[in-house]
Amino acid sequence: MEITLHSPLDMHLHLRDGDMMNLVAPLSSDFAGAVIMPNLVPPVTAPGAMVAYGERIDAAMGHADFTRYMTLFFTKQTEQQLLIAKDTPGFFGFKLYPAGITTNSEGGVSNLADAESTLKMMEEMDIPLLVHGESHGFVMDREAEFLSVYRTLAQKYPKLRLCMEHITTAAALELLDEYENLCATVTLQHLIITLDDVAGGALKPHLFCKPIAKRPNDRDALLQAALNGHPRLMFGSDSAPHPRCNKESCGCAAGVFTAPLALPKLAEIFTRNNAIDKLQGFISGNACRIHKLTPTAKTVTLHDTPMAVPTAYRSNGQEVVPMYAGEEISWSVKH
Ligand code: DOR
Ligand code: ZN
């Protein structure tokens, strides 16, 4: 059995920089494009730094036909700064992190009231806002506690394109259904695992990410929404590589590295659930419609020939462990 996807997009991807980027970027090259996260050290806050980062990504991708949709790390902006950002080639939107909530987010927003004028202007200029929606509360409740913030933003800025990034709860889906101006991304791992897979037995550092995987009913609701073709739910892998030594450590870094197997695993999930007709919308169509994207035409064919997932990817002293390391998944990309 074979399926062909048209211009698949990863709406949330961490490519890092330097040797790590050179290792992981080509592993996303079956996608037609991706929204690139700005949480480098230091974060990408200025259009000039964004352009330079984009050029390094192009070099790391080699000759792959790959459209990068660049984001800037959200900070308070003047109208002039927003106009410059909007006019910078490759710019897609701003990524808002609550200060200190996840990897390299120390410079994020500590008081949303300070951001109001910027958000108002972004709404007028039709610039998307992508949000890491977690509070600083108890780890299992962080997303649920943040939903009131999404609600306030959705009500206050009805024309703002507001994306709830990497949603992990059934409650987030309910909110998505309440407001037409909300959209959301969901990762591969949150369609598959629960907290039990991370910490229910021997601790699995390579499945630890933020937001942490939640309860079975949350995972099931996310999967059903994807399989049912929810029109405002998009695939965003949040593939977040960290060096193996930082994952297998007493202070495990948050992030699951899924880029090399995301498309085969999605094909497996959607075929197994008789929902293959919904995969194209999830992987590209919804994003193109919501964000008016026109990625270069590119097809990728997947077939039900097993893929042996490597135990690790290595190059130039970098080593990163993917989800399903050393296991076989039943679909693969047909090259
Ligand atoms: O698990 C995560 N890893 N969540 C994030 O929000 C950031 C990401 C990273 O950059 O490693
Ligand atoms: Zn992320």
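Every number for a ligand or one of its atoms is a count from 1 in the order of the listing. None of the values given here were measured: they were computed from a predicted structure.
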Under the 3.5 angstrom rule, does the side chain of Gln81 hit a backbone N or O of Thr78 as a donor-acceptor pair?
yes

protein heavy-atom neighbour closest to atom 4 (N) of ligand 1 works out as Lys210 O, 2.7 Å

Below 2.8 Å, can you find an N, O or S atom of His14 next to the Zn ion (ligand 2)?
yes

Heteroatom distance test (Tyr97, ligand 1): nitrogen or oxygen, under 3.5 angstrom:
no

2.8 Å cut-off met by an N, O or S atom of Glu165 to the Zn ion (ligand 2):
no

Could you tell me whether the side chains of Asp177 and His230 share a donor-acceptor contact shorter than 3.5 Å?
yes

Side chains of Lys298 and Pro8: closer than 4.5 Å at any heavy-atom pair?
no

for atom 3 (N) of ligand 1, nearest protein heavy atom and its distance come out as Ala254 O, 2.9 Å

Give, for atom CG of Leu173 and atom CE of Met164, the distance between the pair rounded to the nearest 0.5 Å.
8.0 Å

For Asn228 and Ala225, indicate whether the former's side chain and the latter's backbone hold a donor-acceptor pair under 3.5 Å.
no

Lys247 NZ/CZ over Phe208 ring centroid, <6.0 Å and within 45° of normal
no

For the Zn ion (ligand 2), does an N/O/S atom of His12 lie at less than 2.8 Å?
yes

So is Met37 touching ligand 1 or not, going by heavy atoms under 4.0 Å?
no

Only heavy atoms of His132, strictly under 4.0 Å: list the atoms of ligand 1 that pass.
6 (O)

Tell me whether Arg16 reaches ligand 1 (any heavy atom closer than 4.0 angstrom to a ligand atom).
yes

Only residue of His12, Glu143, Lys210, His166 satisfying side chain to side chain donor-acceptor pair (under 3.5 Å) with His132 is His166

Could you walk me through whether Gln155 and Tyr179 pass the side-chain hydrogen bond (donor to acceptor under 3.5 Å, both in side chains) check?
CA-CA 8 Å; Gln155 289 175 350; Tyr179 294 94; 2.7 Å; yes

Does the side chain of Phe74 reach to within under 4.5 Å of the side chain of Thr45, using non-hydrogen atoms?
no

Element-labelled atoms of ligand 1 that are located less than 4.0 Å from some non-hydrogen atom of Ala240
3 (N), 8 (C), 9 (C), 11 (O)

Only heavy atoms count here, so choose which of Thr103, Asn246, Asn104, Ile101 is nearest to atom 9 (C) of ligand 1.
Thr103

Just need the protein heavy atom nearest to atom 5 (C) of ligand 1, so name the residue and atom and give the distance.
Thr102 OG1, 3.0 Å

Polar contact flag for Cys209 and ligand 1 (N/O pairs, less than 3.5 Å)
no

So, is Phe208 polar-close to ligand 1, with some N/O to N/O distance under 3.5 Å?
no

One pair to check against side-chain hydrogen bond (donor to acceptor under 3.5 Å, both in side chains): Glu116 and Thr118. What are the steps and the verdict?
CA-CA 5 Å; Glu116 281 185 10; Thr118 307; over 6 Å; no

Specify which N/O/S atom of Asp238 comes nearest to the Zn ion (ligand 2), by atom name.
OD1

